[in-house]
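First up is the structure itself, then whatever we jot down about it.
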Amino acid sequence: MNWIVQNLWLIPGLPLLAAGLSALLKQRERTAAATLAIGSMGLAFVLSCVAFAHTLGGHGEETRHVFNFDWFQLGATSLKLGWVLDPLTAAMLVMVTFVGTLIFIYSVGYMAHDENFTRFFCFLSLFAAAMLGLVIANNLLLLFMSWELVGLASYLLIGFWYHKPSAAAAAKKAFITTRIGDVGFFLGIVWLYSETGTLLFYDNGHGCLEASALTKLVSMTVGGGVVVATAISLLIFCGAVGKSGQVPLHVWLPDAMEGPTPVSALIHAATMVAAGVFLLARVYPLLDVDPLNIAGRSTALSVVTWVGAVTALFAALIAVAQNDIKRILAYSTVSQLGFMMVGIGTGGVAVGMLHLITHAFFKALLFLGAGSVIHGCHEEQDIRKMGGLRAHMPKTFATYAIGMMALSGFPFVFSGFWSKDEILHEALHWDESHWPFYMVALGAVLTAFYMSRQMCYVFFGKYRGTAHAAAAHDAHQPVKHEAKPAKGKKGPQAKGNHAPAKASSRTPHESPDVMTIPLVLLAAFTILLVLVATPVWPWFHGYLSGHAAEVRVSELFAWDKLSVIGLSIILVSVGVAAACWLYWLKPVTRADSVDALEQLRPDVIGFLKQQCRVDEFYEATVVRFNAWAAVASDFLDRWIWGGAVKAASLAVLGVAWASRFFDEFGINLGFQKGCDGFAGAGGLLARLQSGRIHDYLRVIGLALTVLVLALVWGCRS
């Protein structure tokens, strides 16, 4: 067995070791913490490239390498863990380590003035280690353990600025919401183990994703005629819904913006949200098995498709009305994850994973670019208070524009165009329904619209920041922004990233090279990924399937491909044109101006701006029901069950007192009286048996006297 296969654990092990060592460092040892984190991710990237190279050139099953081992023994049963190296694993390893390394480097500049710099890099390393452990797992239990560590690390990072009530609340919301999906995921794991006797994905033909187990799972049904494989698949999908922010468990993802911007980039691009899509890609053989749906996709994949389509459109609608630069990108992530779900549901693993990989690069670019904008605008996040930044921040503008065009799907030269185009193509040719296609097509129009709107607000026109806002920032007034604690300050007043300066010096400025160089590299790869994403040379698809990809220029001119490409270009053009008409031809001049779209339909945009009041709906239903259930449970516990227990205890106590009374004053007293009588009689008899002759004679004499008297009395009568 190849060395890299046996030692694949080193890839997550290195960041995990860095996290452990960083936890032991003192707060002032910032350089050591950054070096450990970046160095471990750099080495993990090198090992990931070695693993990636090992999967090249194989065909079919030859590209999969498995290493399993006994974790512990229970009698005759042994629980096995292991890791798998296949194209899916290798592609994810390279993406996570490369994008993660750039985010780590960027964080050195972004968090330079944070007093908890060392702790931040400790958490980042733990986050990366958990995600990499999830990727290499060949066992659903090991994957779930890493899955939960990802949830823990996200909780720590989203609530990193714990002195902010909003950050602490967002961390708890993310942790609890994703746990809801994880309950279903865990039930699916238990059910799968009970039916197959193993949680190994691949084990020489005996794994739960291999033919023998799948055949057994599709031969059994549960209530309503649902195939066991489908039921387990849907339970596992619950976990993906939570982690990847799909409707209805999407509510935690926008609030995750309360964490530092590098955390947002890591969560939304390379790690946490990608975990849900990766999970579905990993268990795809289980999702795709359904003998009841011979003509089309399985029931589980149909559910995945519909949930993804609804999420893609719903989140895109909300993003249109947002004014926080990071919140727009957050809802964009939710929408794009919906696109990935549709890709997996209609086209298979390669379609969904291609968009996951391309999205990881340009969404990391956009979030880091947003962080650069926030940094350059002195912690301002409201796009209405920006404007004209292309002149002040040329590097950030150029790279952000590339990310924006890739996300919007500008044709031909950006990877996002081809990955999104393929999802549209597969959705259009989905046999079950065309409605998912209509929803993702409208989502594509809205994506181009809200990203063009954001570009017009942020980088064009004139700068709308005011000296008053800057002075308020310096005076630590409650200005809405991403509050990064300054070095040496604690508590909610530690807002700034720099020492207070005069309002006149608070003009936008370009970020340092340590922040802009990662932007340039991400922008370059956003374009370079086009080489493996086009239908001319579908290398990525061939790589994942274990087949050599051939160059076929004619594929590009096939009618079904050409029609979807033309449609995709039209969709993007409509979205961009609408945004330019509303925001570029009529530039916004004041920060307090009413949004052009809101002027057209204030009721609709106001509703979307409030995120369709989903949180309020949950507050009025789920949260209120939970609170009512808690009160009812408390009442039942205190007065019903507690009362019943107390009544039972009083009854037992009453029986005990009655028994005591009957024992002491009935049985004991009667027995005592009887004993006293026997004792008195015994004493009397004892006196008669004194052993004195004259006493006996006296008794005899007395008895004779009585006898004589009795006889005399009898004779006389």
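All figures in this text were calculated on a predicted structure; none of them were measured in a lab.
Residues passing the side-chain hydrogen bond (donor to acceptor under 3.5 Å, both in side chains) test with Lys420 are Ser568, sequence neighbours excluded. When the side-chain contact (heavy atoms from CB on, under 4.5 Å) test is applied to Ser511, the partners found at least two apart in sequence or on another chain are Ser372, His375, Met393, Met515, Thr516. Every side-chain contact (heavy atoms from CB on, under 4.5 Å) that Val50 has, sequence neighbours left out, goes to Ile4. Checked against side-chain contact (heavy atoms from CB on, under 4.5 Å), Ser166 has the following partners two or more places apart in sequence or in another chain: Lys164, Glu258. Take Tyr331 and apply the side-chain hydrogen bond (donor to acceptor under 3.5 Å, both in side chains) test, not counting sequence neighbours, and it matches Gln611. The side-chain contact (heavy atoms from CB on, under 4.5 Å) check on Ile189 picks up Leu140, Phe144, Phe185, Leu199, with sequence neighbours excluded.
Sorted by first then second residue, the side chain to side chain donor-acceptor pair (under 3.5 Å) pairs that include residues 126-139, not counting sequence neighbours, are Asn68-Asn138. Identified under the salt bridge (Lys or Arg N to Asp or Glu O under 4.0 Å) test for residues 135-149, with sequence neighbours left out: Glu148-Arg179. Applying the salt bridge (Lys or Arg N to Asp or Glu O under 4.0 Å) test to every pair with at least one member in residues 341-352, sequence neighbours left out, gives no pairs at all. Screening residues 346-375 for salt bridge (Lys or Arg N to Asp or Glu O under 4.0 Å), with sequence neighbours left out, gives no hits. Sorted by first and then second residue, the salt bridge (Lys or Arg N to Asp or Glu O under 4.0 Å) pairs with a member in residues 123-143 form an empty list; sequence neighbours excluded.
Taking the centre of each ring, Phe367 and Tyr400 stay at or above the 6.0 Å mark. Two rings, from Phe69 and Trp83, have their centers less than 6.0 Å apart. Ring to ring, Phe117 and Phe121 are close: their centroids are under 6.0 angstrom apart.
Note on ring orientation: taking the six-membered ring where Trp is involved, the planes of Tyr110 and Tyr106 are parallel (angle under 30°, cut-offs 30° and 60°). The aromatic rings of Phe160 and Phe120 stand perpendicular to each other, their planes meeting at an angle above 60°, with 30° marking the opposite boundary.
Listed for the Gln6 side chain is no donor-acceptor partner under 3.5 Å among the backbone atoms of Trp3. Checking side-chain atoms of Thr346 against main-chain N and O of Thr305 turns up no donor-acceptor pair under 3.5 Å. The main-chain N or O of Leu522 is found under 3.5 Å from a side-chain atom of Thr526 such that the two form a donor-acceptor pair. Side chain of Ser244 to main chain of Gln246: no donor-acceptor pair is present (N/O by atom type, distance under 3.5 Å, no hydrogens or angles). Looking at Thr261, its side chain never comes within 3.5 Å of a backbone N or O of Gly371 through a donor-acceptor pair.
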Hey, mind stepping through Glu422 and His541 against side chain to side chain donor-acceptor pair (under 3.5 Å) and telling me if it holds? CA-CA 11 Å; Glu422 189 167 19; His541 291 68; 2.6 Å; yes
Given side chain to side chain contact (heavy atoms under 4.5 Å, CB included), test Ile423 with Leu354 step by step and report yes or no. CA-CA 10 Å; Ile423 293 173; Leu354 177 62; over 6 Å; no
For the pair Ser419 and Thr358, evaluate side chain to side chain donor-acceptor pair (under 3.5 Å) and give the outcome as yes or no after the intermediate values. CA-CA 7 Å; Ser419 58; Thr358 59; 3.0 Å; yes
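Between Pro260 and Lys326, the shortest heavy-atom distance links the atoms C-NZ, 4.1 Å. Between Leu126 and Ala19, the shortest heavy-atom distance links the atoms N-CB, 3.7 Å.
Between Lys172 and Asp255, none of the side-chain N atoms (NZ, or NE/NH1/NH2) sits under 4.0 Å from a carboxylate O, so this pair counts as no salt bridge.
The shortest side-chain heavy-atom distance between Ile267 and Ile158 falls under the 4.5 Å cut-off.
Residue Arg282 is tested with Val84, Leu134, Val135 for a side chain to side chain contact (heavy atoms under 4.5 Å, CB included); the sole match is Val84.
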Do any side-chain atoms of residues 92-105 form donor-acceptor pairs under 3.5 angstrom with protein atoms, and if so which ones, sequence neighbours left out?
residue: Thr97; atom: OG1; partner: Leu93; partner atom: O; Å: 2.6
residue: Thr97; atom: OG1; partner: Val94; partner atom: O; Å: 3.2
residue: Thr101; atom: OG1; partner: Thr97; partner atom: O; Å: 2.6

